[in-house]
Amino acid sequence: MSAAATAQKLFGSLKAAKQAAITAVPSLEHFGSDLWNEGARLVTQGSMEFASALFSGHAFVPYGPGQYTPSHDHVPQQDETRTAEHERAGIER
């Protein structure tokens, strides 16, 4: 049996195993992308901690509930009903 035929047989078996695993546990279908996204989030947080340690002398970074890495398909929409009065509401000069 040639190396190409052996490799093709191996990859065919791996595809079948992958399909069997996804059929048994449907949540595994997006496992790779979920793992990549979580890794990207951790790299972002790690870089923030490294920069904080480098420039301030400590690695404390206050992560809030809204801390996230924005996706490229999410574009924040601005509310046209806001005016300058709404912008400085409650601020007396």
Side-chain angles (χ1 to χ4, degrees):
M1 188 176 258
S2 71
T6 304
Q8 198 156 18
K9 187 176 180 182
L10 174 66
F11 287 123
S13 300
L14 290 175
K15 278 186 178 181
K18 177 185 172 187
Q19 282 304 113
I22 289 173
T23 303
V25 184
S27 63
L28 287 178
E29 186 172 0
H30 303 289
F31 180 75
S33 64
D34 290 345
L35 186 64
W36 181 264
N37 291 338
E38 183 65 14
R41 185 185 68 80
L42 291 175
V43 167
T44 299
Q45 287 182 349
S47 64
M48 291 169 62
E49 291 171 358
F50 180 72
S52 179
L54 185 64
F55 294 112
S56 67
H58 56 82
F60 175 75
V61 178
Y63 298 115
Q67 190 270 330
Y68 70 101
T69 303
S71 64
H72 295 291
D73 55 41
H74 175 71
V75 178
Q77 300 293 324
Q78 290 190 354
D79 187 12
E80 283 94 28
T81 60
R82 292 187 65 111
T83 62
E85 293 295 327
H86 288 114
E87 292 292 325
R88 38 171 235 217
I91 300 174
E92 296 294 323
R93 295 186 189 244

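We find the CZ-CZ distance between Phe55 and Phe50 to be 8.5 Å, quoted to the nearest 0.5 Å. To the nearest 0.5 Å, atom CD of residue Glu38 and atom OG of residue Ser33 are 12.0 Å apart. Note that CD1 of Ile22 is 9.0 Å distant from NE2 of His30, once rounded to the nearest 0.5 Å.
Both Val25 and Phe31 are members of a single hydrophobic cluster when ILVMFWY side chains are connected at heavy-atom separations under 4.5 Å.
Here the side chain of Thr23 pairs a donor or acceptor atom with the backbone of Gln19 at under 3.5 angstrom.
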